[in-house]
Amino acid sequence: MPDTAPPVSPDSAPFRARVLALVERIPAGRVMTYGQLATLAGSPGAARQVGYIMNTVAESELPWQRVINAQGAVSTDKLGFGDIQRGLLVAEGIAFDASLRCDLKRLQWWPDEEEAGGQTGLF
DNA sequence: TGCTTGACATGCT
DNA sequence: AAGCATGCCAAGC
């Protein structure tokens with residue numbers, strides 16, 4: 001007998017779990033912003049939380065390197081491994097300009113592209 | 001339960 | 001263009 005209701009349903013999964021699930025789906029050579037992840041996770045404006053979460057999984061196997069800020073730059077410079085993050089992204093084919101920023105319009109990934117069956121707006 | 005912290009975002013100077 | 005201050009929301013204590 002169902003004496004115990006489901007503790008958590010997928011929809012009510014912790015904000016953190018949703019963000020991590022999205023990050024895990026970012027394809028190589030693409031990036032997502034903190035604000036975008038927060039919005040997709042169901043909480044627009046919780047961008048800071050996304051960064052906080054990433055800090056707890058930085059040693060995980062998640063492609064944390066593909067999460068950057070809305071300015072197209074990494075936010076890990078003050079943490080001491082900004083160069084490492086950029087290096088990982090460059091290795092995936094992402095280019096940074098003199099201001100250490102990449103072209104978000106071209107590299108920002110959207111989950112819908114997965115269902116669309118291909119890249120959209122590339123070229 | 002309530003206060004403080006943050007890998008951000010946005011606006012203004 | 002770059003720096004400073006404020007707003008946001010979830011997690012930790």
Looking only at side-chain atoms of [X], point me to the closest of [options].
| X | options | result |
| --- | --- | --- |
| A:Ala46 | C:dC9, B:dC8, C:dA11 | C:dC9 |
| A:Phe15 | B:dC8, B:dA7, C:dA11 | C:dA11 |
| A:Thr76 | B:dA7, B:dT10, C:dG12 | B:dA7 |
| A:Ser75 | B:dC8, C:dA11, C:dC9 | B:dC8 |
| A:Tyr52 | B:dC8, B:dA7, C:dA11 | C:dA11 |
| A:Arg101 | C:dA2, B:dT10, C:dC9 | C:dA2 |
| A:Ala70 | B:dA9, C:dG7, C:dA11 | B:dA9 |

Figure out the [atom1]/[atom2] separation between [X] and [N], and round it to whole Å.
| X | N | atom1 | atom2 | value |
| --- | --- | --- | --- | --- |
| A:Lys78 | C:dC4 | NZ | C1' | 13 Å |
| A:Leu100 | C:dA1 | CG | C1' | 15 Å |
| A:Gln36 | C:dC8 | CD | P | 22 Å |
| A:Leu37 | B:dA7 | CG | P | 16 Å |
| A:Arg48 | C:dG12 | CZ | C1' | 15 Å |
| A:Leu20 | B:dA7 | CG | C1' | 14 Å |
| A:Arg18 | C:dA11 | CZ | C1' | 17 Å |
| A:Leu40 | B:dA9 | CG | P | 13 Å |

So what does A:Asn55 touch, heavy atoms closer than 4.0 Å: a base, only the sugar-phosphate, or nothing? base

Are the side chains of [Y] and [X] in contact, using a 4.5 Å heavy-atom criterion?
| X | Y | result |
| --- | --- | --- |
| A:Asp103 | A:Asp97 | no |
| A:Gln36 | A:Trp109 | no |
| A:Gln71 | A:Leu104 | no |

Salt bridge flag under 4.0 Å for residues A:Arg30 and A:Glu92: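 Not counted as a salt bridge, because no side-chain N and carboxylate O are separated by less than 4.0 Å.
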
Strictly by Watson-Crick or wobble contacts shorter than 3.5 Å, is anything paired with C:dA1, and which nucleotide is it?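 Paired with C:dA1, as far as the under-3.5 Å criterion goes, is no nucleotide at all.
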
Classify the side chain of A:Tyr34 and the base of B:dA7 as holding, or not holding, a donor-acceptor pair under 3.5 Å.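 Between B:dA7 and A:Tyr34, which were checked side chain against base, a qualifying N/O pair under 3.5 Å is present.
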
Quick one: on DNA chain C, does A:Ile53 or A:Ser99 contact a more 5' nucleotide (nearest heavy atom)?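 Nearer the 5' end of the strand: A:Ser99.
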
Quick one: is A:Ser43 getting a side-chain N or O under 4.0 Å of the C:dA10 phosphate, OP1 or OP2?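 It does, given that an N or O in the side chain of A:Ser43 lies less than 4.0 Å from OP1 or OP2 of C:dA10.
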
Among A:Val19, A:Leu40, A:Val50, A:Ile68, side-chain contact (heavy atoms from CB on, under 4.5 Å) partner for A:Met32: A:Leu40

